[in-house]
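For reference, the structure is listed below as structure tokens.
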Amino acid sequence: MQAASREAYAAAAERLEAYLGQAGDPAAIAAVAADLASVADLLRREPRLRRVLSDPARAGADRSELINGVLTGKVSPAAAEIVAGVVADRWSAPSELLNALERLSVSALLASADVVGDLGEVEDELFRFGQVVDANPALSTVLADRNAPIAQRAELVRSLLAGKAKPATVSLAEMALAGFGGRSFAGALTKLVELAAERREKRVAYVTVAAPLDEAEEQRLGAKLSQLYGRDVTVKQTVDPSVLGGMSVQVGADLYDGTVLRRLTETRNALAKR
């Protein structure tokens with residue numbers, strides 16, 4: 001985000017957190033999250049409305065009045081108030097207004113899961129679902145197909161997760177289908193996992209190994225990484241026999257690749273240069 005949008009988003013996030021602190025009821029919070037997602041979906045489908053609502057030549061009060069007219073009777077008063085505040089602020093680009101509403105809807109949904117103690121489970125379920133999709137190229141292609149209707153792909157996601165995941169997990173997976181923040185489906189799922197961890201004040205370490213780490217090994221690794229980064233780190237394991245041995249660990253932009261595959265590749269490259 002550019003500077004103006006960062007300031008606007010910070011203000012919007014603060015207002016949302018104030019609402020969340022007062023609401024308390026997870027069902028009401030989840031309903032507001034759904035309303036915010038529906039507004040984001042509207043702006044995604046209507047680029048002209050998106051441009052008007054982010055037009056700096058219009059007064060913020062005028063933009064708020066316009067969106068209130070569009071949303072009256074269609075979303076909850078709490079959601080309408082949040083959206084009116086968002087569009088009244090100054091945004092650097094129409095796309096950044098859309099991204100902000102998507103992010104706010106995710107924040108509200110994660111908060112609803114947090115209230116009932118499900119946030120850690122939602123984080124794990126999103127990661128495991130991403131692994132299932134990655135392991136099935138046909139499924140990955142279908143879910144990532146932007147030419148297929150979102151409703152059709154969402155129905156597939158719901159059928160795959162039915163009885164296996166928390167409601168918040170299902171809703172977040174559906175948000176990923178729309179390309180949360182302009183990302184691919186896989187990229188959106190990864191970002192949602194990280195946002196869930198962030199709400200729990202944790203960082204995510206993506207660990208790739210040839211054979212699964214046992215619980216004690218995973219805990220030791222998590223403890224070492226937490227010490228290194230000065231913050232709790234949650235470990236997400238992927239088993240990939242092709243790495244042959246060792247492990248690869250990625251935390252944010254930091255990559256520590258100690259796999260046998262990497263060492264063999266480096267050796268092969270060094271020999272090829274002789």
Side-chain angles (χ1 to χ4, degrees), residues 1-2 6 9 95-96 99 102-103 106-107 110 119-137 139-141 143-144 146 169 172-173 175-274:
M1 285 186 176
Q2 298 182 44
R6 283 198 302 272
Y9 180 75
S95 60
E96 295 187 348
N99 290 344
E102 288 181 331
R103 179 73 176 267
V106 167
S107 295
L110 292 174
L119 187 53
E121 199 167 347
V122 167
E123 179 188 317
D124 287 340
E125 288 173 349
L126 285 169
F127 175 69
R128 290 196 299 268
F129 183 56
Q131 286 187 306
V132 169
V133 173
D134 286 344
N136 188 325
L139 177 61
S140 178
T141 299
L143 292 178
R146 296 288 182 89
T169 303
L172 289 165
M175 289 183 187
L177 293 171
F180 174 61
R183 299 173 179 84
S184 66
F185 178 64
L189 281 178
T190 297
K191 182 62 177 178
L192 291 169
V193 169
E194 292 169 356
L195 289 175
E198 185 178 305
R199 189 161 192 92
R200 297 199 299 138
E201 298 184 341
K202 295 177 181 288
R203 296 194 69 175
V204 178
Y206 297 101
V207 178
T208 304
V209 288
L213 300 176
D214 62 31
E215 186 175 349
E217 290 172 327
E218 185 173 308
Q219 289 177 350
R220 284 197 297 272
L221 176 61
K224 288 180 180 178
L225 290 170
S226 296
Q227 184 177 20
L228 176 63
Y229 284 93
R231 185 177 183 181
D232 284 348
V233 173
T234 178
V235 174
K236 305 298 183 190
Q237 238 187 105
T238 297
V239 177
D240 181 0
S242 71
V243 302
L244 303 177
M247 72 173 64
S248 169
V249 179
Q250 180 151 11
V251 182
D254 299 334
L255 176 63
Y256 310 95
D257 192 343
T259 61
V260 173
L261 176 62
R262 179 192 64 81
R263 293 197 292 270
L264 287 174
T265 300
E266 288 180 347
T267 301
R268 186 183 302 114
N269 290 340
L271 291 172
K273 291 177 180 178
R274 291 184 178 181

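These numbers were taken from a predicted model, which means no experiment stands behind them. For reference, positions follow the sequence shown, starting with 1. Hydrogens, waters and symmetry mates play no part in the numbers below; they use all other heavy atoms, side chains included.
- With rounding to the nearest 0.5 angstrom, the CE atom of Met175 is 12.5 Å from the CG atom of Leu189.
- Atom CZ in Arg183 sits 5.5 Å away from atom NZ in Lys191 (nearest 0.5 Å).
- With Asp124 as reference, Lys236 is the one residue of Lys236, Arg200, Lys202 to meet the salt bridge (charged side-chain N to carboxylate O under 4.0 Å, His left out) rule.
- No side-chain donor-acceptor contact under 3.5 Å links Glu201 to the backbone of Arg231.
- Note on Arg199 versus Glu123: no salt bridge recorded, every NZ/NE/NH1/NH2 to OD/OE distance being 4.0 Å or above.
- Side-chain N or O atoms of Gln227 include none that pairs as donor or acceptor with a backbone N or O of Lys224 at under 3.5 Å.
- Note: Leu192 CG to Phe180 CZ = 5.5 Å, rounded to the nearest 0.5 Å.
- In this structure a side-chain-to-backbone donor-acceptor pair under 3.5 Å is missing from Gln250 to Tyr206.
- The backbone N or O of Asn136 sits nowhere less than 3.5 Å from a side-chain atom of Ser140 that would complete a donor-acceptor pair.
- For residues 239-249, the side chain to side chain donor-acceptor pair (under 3.5 Å) pairs, not counting sequence neighbours, are Asp240-Ser242.
- Side chains of Arg103 and Leu195 form a contact here, defined as non-hydrogen atoms less than 4.5 Å apart.
- Interatomic distance, Leu172 CG to Phe129 CZ, rounded to the nearest 0.5 Å: 11.5 Å.
- With Ser226 contributing its side chain and Val233 its backbone, the two residues share a donor-acceptor pair below 3.5 Å.
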